[in-house]
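The structure appears right after this line, and notes come after that.
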Amino acid sequence: MQPFTERVIAIIKGIPPGSVMTYGQIAACAGSPRAARQVVRILHSMSGKHDLPWHRVVNSKGEIAIQGEEGRYTQQLLLQEEGVEPSLGRIIDLESFQHHPAPESGKAE
DNA sequence: GCCATGGCTAGTA
DNA sequence: GCCATGGCTAGTA
């Protein structure tokens, strides 16, 4: 697995319950601010095997970005169970719920 | 060529 | 709603 991919996975695993990060934010933390779509691809293909909290990742507006009805519903439910309540437009208030990892976190022990 | 983005523009009210 | 972006993978030679 490539270093960028490993960093992205470590960052996603570090998102605590009850908070979210955005695709672009994760890419930036992993060292490639323009690689938001790569974060998408990693989540899409590896969230199961690596036991990632995939539901804690949303787009830059705070919206659930999943495609199908079923997936959208599942993500919304998992977030609500952690106390993340979207407002009426299904928008999550990033000011309240966005996780900002410390620069040291996710690096080598 | 994939992809669950993101940032900007045009068009409407 | 359009389109540039980018790390990775599959498929071919």
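Chain letters run A, B, ... following the sequence lines, proteins first and then strands; every chain starts at 1.
- Between A/F4 and A/Q38, the shortest heavy-atom contact is CE2-CG, 3.6 Å.
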(message) Could you spell out the base pairing of DNA chain B as a dot-bracket line? Use Watson-Crick and G-U wobble contacts where both distances are under 3.5 Å, [ ] for crossing pairs, | for partners on a different strand.
(response) |||.||||.....
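- Separating the CD atom in A/Q76 from the CG atom in A/L78 is a distance of 10.5 Å, to the nearest 0.5 Å.
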Under 3.5 Å donor-acceptor pairs involving side-chain atoms of residues 18-33 of chain A, not counting sequence neighbours:
from  : atom 1 : to    : atom 2 : distance (Å)
A/S19 : OG     : A/P16 : O      : 2.9
A/T22 : OG1    : A/Q25 : N      : 3.0
A/Q25 : OE1    : A/T22 : N      : 3.2
A/Q25 : OE1    : A/Q98 : NE2    : 2.7
A/Q25 : NE2    : A/H99 : O      : 2.8

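- Heavy-atom contacts of chain A under 4.0 Å fall on DNA chain C between two terminal nucleotides, which in 5' to 3' order are C/dA4 to C/dT9.
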Report, one line per pair, each donor and acceptor closer than 3.5 Å where one atom sits in a side chain of residues 46-60 of chain A; sequence neighbours left out.
from  : atom 1 : to    : atom 2 : distance (Å)
A/S47 : OG     : A/L43 : O      : 3.0
A/H55 : NE2    : A/E82 : OE2    : 2.9
A/R56 : NE     : A/I15 : O      : 3.1
A/R56 : NH1    : A/E82 : OE1    : 3.2
A/R56 : NH1    : A/E82 : OE2    : 2.4
A/R56 : NH2    : A/I15 : O      : 3.2
A/N59 : OD1    : A/K61 : N      : 3.0
A/N59 : OD1    : A/G62 : N      : 3.2
A/N59 : OD1    : A/E63 : N      : 2.9
A/N59 : ND2    : A/E63 : OE1    : 3.1

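- As a member of the Ile/Leu/Val/Met/Phe/Trp/Tyr network built from side-chain separations under 4.5 Å, A/L77 groups with A/Y73.
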For residues 87-96 of chain A, please give each side-chain donor-acceptor pair under 3.5 Å, one per line with the distance, not counting sequence neighbours.
from  : atom 1 : to    : atom 2 : distance (Å)
A/S87 : OG     : A/I91 : O      : 3.0
A/D93 : OD1    : A/E95 : N      : 3.3
A/D93 : OD2    : A/S96 : OG     : 2.6

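- Taking CD1 from A/I42 and CD1 from A/I12, the interatomic distance works out to 7.0 Å, rounded to the nearest 0.5 Å.
- Contacts with DNA chain C (heavy atom under 4.0 Å) in residues 36-57 of chain A: A/R37, A/Q38, A/R41, listed by number.
- In the region residues 16-24 of chain A, proximity to DNA chain B at under 4.0 angstrom, judged on heavy atoms, holds for A/Y23, A/G24.
- At a non-hydrogen distance threshold of 4.0 Å, A/N59, A/S60, A/A65, A/I66, A/Q67 from residues 58-80 of chain A come into contact with DNA chain B.
- Every residue was checked against the side-chain contact (heavy atoms from CB on, under 4.5 Å) condition with A/R37, not counting sequence neighbours, and none meets it.
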